A.B. asks: 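Before I ask anything, here is the structure I am working with.
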Amino acid sequence: MKSVIKKNLFLEGKTKKIYNTNNPFQVLIHYKDNITACNGLQNKFLQDKGILNNEISTLVFKFINSCEIKTHFIRKINNREQLCHKVDIIPLEFVVRNIVAGSMSKRLNIKEGVRLLNPIFEIFYKNDKLKDPLINDHHAVFLGIISYEELNNIYKIISNVNNIIKKYFLDKNIILVDFKIEFGKDHKNNILLSDEITPDTCRFWDKKTMKKLDKDLFRMKLQEDVLDIYMEILKRLNVK
Ligand code: UDP
């Protein structure tokens with residue numbers, strides 16, 4: 001295995017930093033110790049959260065890779081960093097919902113917890129100035145971000161990913177309520193599942209008690225320190 005040399009910082013987001021490497025087609029993704037919500041209005045330092053999210057996302061992406069779905073993830077390098085294929089992120093957030101919660105509950109005035117007969121897919125346009133508005137396929141194509149063919153391809157992938165990770169989490173007594181995921185294009189124009197899958201980007205409920213096990217506790221100011229909850233998720237994922 002060729003050794004990875006970390007080079008310049010290429011991008012910094014709210015919870016991750018991306019570094020170039022000695023391979024032009026690969027990057028190092030570094031997980032920071034921040035937790036943020038409400039478009040960055042809530043932002044807190046949480047010692048070692050990055051270590052937990054790096055490990056949680058590694059386990060989930062390893063599982064997805066083992067199901068022959070193409071992702072950006074290559075391997076974990078150290079406790080805060082993972083090696084990934086370099087992609088141009090498509091500026092769309094895809095949300096997959098199995099149970100009503102969060103913005104869908106508020107927008108449509110439906111009680112949180114209502115089970116959906118079929119998963120619902122939503123697209124949010126990643127644009128800080130516009131505060132990431134909810135858009136549809138036609139808007140995304142009109143904006144020149146993506147083609148209908150690519151969207152159909154992505155819908156097939158997220159449907160597949162949802163089915164496999166829903167079961168993966170349920171086996172660990174975790175209900176996958178909803179999640180957000182992003183896609184990127186590599187240098188050969190392949191569409192790869194990218195981003196992270198962690199309690200920052202998913203709603204997880206305990207199978208028995210239906211208690212929240214994710215960032216909602218911070219977002220809704222129900223609990224200041226959510227580190228033990230993230231640890232609980234990791235503990236469950238590690239149970240064979
Ligand atoms: N989500 C995310 N990043 C965002 C917005 C949402 O990871 O910028 C995740 C969120 O954790 C949840 C799902 O996407 O699992 C659906 O979020 P929702 O649209 O309900 O919005 P929110 O309640 O976060 O405003």
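Since the model is a prediction, treat every value here as computed from it, not as a measurement. Atoms within a ligand are numbered from 1 in the order they appear, just like the ligands themselves. Hydrogens, waters and symmetry mates are skipped; everything else that's a heavy atom, side chains included, is used.
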A.B. asks: More than 12 foreign heavy atoms under 6.0 Å from NZ of Lys172: is that the case here?
C.D. replies: yes
A.B. asks: Against Asp216, only a single residue in Lys221, Arg203, Lys211 fulfils salt bridge (charged side-chain N to carboxylate O under 4.0 Å, His left out); can you say which?
C.D. replies: Arg203
A.B. asks: List for me each residue that meets salt bridge (Lys or Arg N to Asp or Glu O under 4.0 Å) alongside Asp137, sequence neighbours excluded, and say none if there are none.
C.D. replies: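 Listed in chain order: nothing, the list is empty.
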A.B. asks: Kindly write out the residues that satisfy salt bridge (Lys or Arg N to Asp or Glu O under 4.0 Å) with Asp33, not counting sequence neighbours, or none if the list is empty.
C.D. replies: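 Expected list: Arg80.
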A.B. asks: On the six-membered ring of Tyr19, is Lys6 placed so that its NZ or CZ lies under 6.0 angstrom from the centre and within 45° of the ring axis?
C.D. replies: yes
A.B. asks: What residues, two or more places apart in sequence or in another chain, satisfy side-chain hydrogen bond (donor to acceptor under 3.5 Å, both in side chains) together with Arg115?
C.D. replies: none
A.B. asks: Pairs under 3.5 Å, N/O atoms on ligand 1 and on the protein: can you put them in a table with the distances?
C.D. replies:
from     : atom 1 : to     : atom 2 : distance (Å)
ligand 1 : 11 (O) : Arg219 : NH2    : 3.0
ligand 1 : 15 (O) : Asp178 : OD1    : 2.6
ligand 1 : 15 (O) : Thr201 : O      : 3.4
ligand 1 : 15 (O) : Arg203 : N      : 3.3
ligand 1 : 19 (O) : Arg97  : NH2    : 2.8
ligand 1 : 19 (O) : Ser103 : OG     : 2.6
ligand 1 : 20 (O) : Arg97  : NH1    : 3.4
ligand 1 : 20 (O) : Arg97  : NH2    : 3.4
ligand 1 : 20 (O) : Ser103 : N      : 2.8
ligand 1 : 20 (O) : Ser103 : OG     : 3.4
ligand 1 : 20 (O) : Arg203 : NH1    : 2.9
ligand 1 : 23 (O) : Arg203 : NH2    : 2.6
ligand 1 : 24 (O) : Arg219 : NE     : 3.4
ligand 1 : 24 (O) : Arg219 : NH2    : 3.4

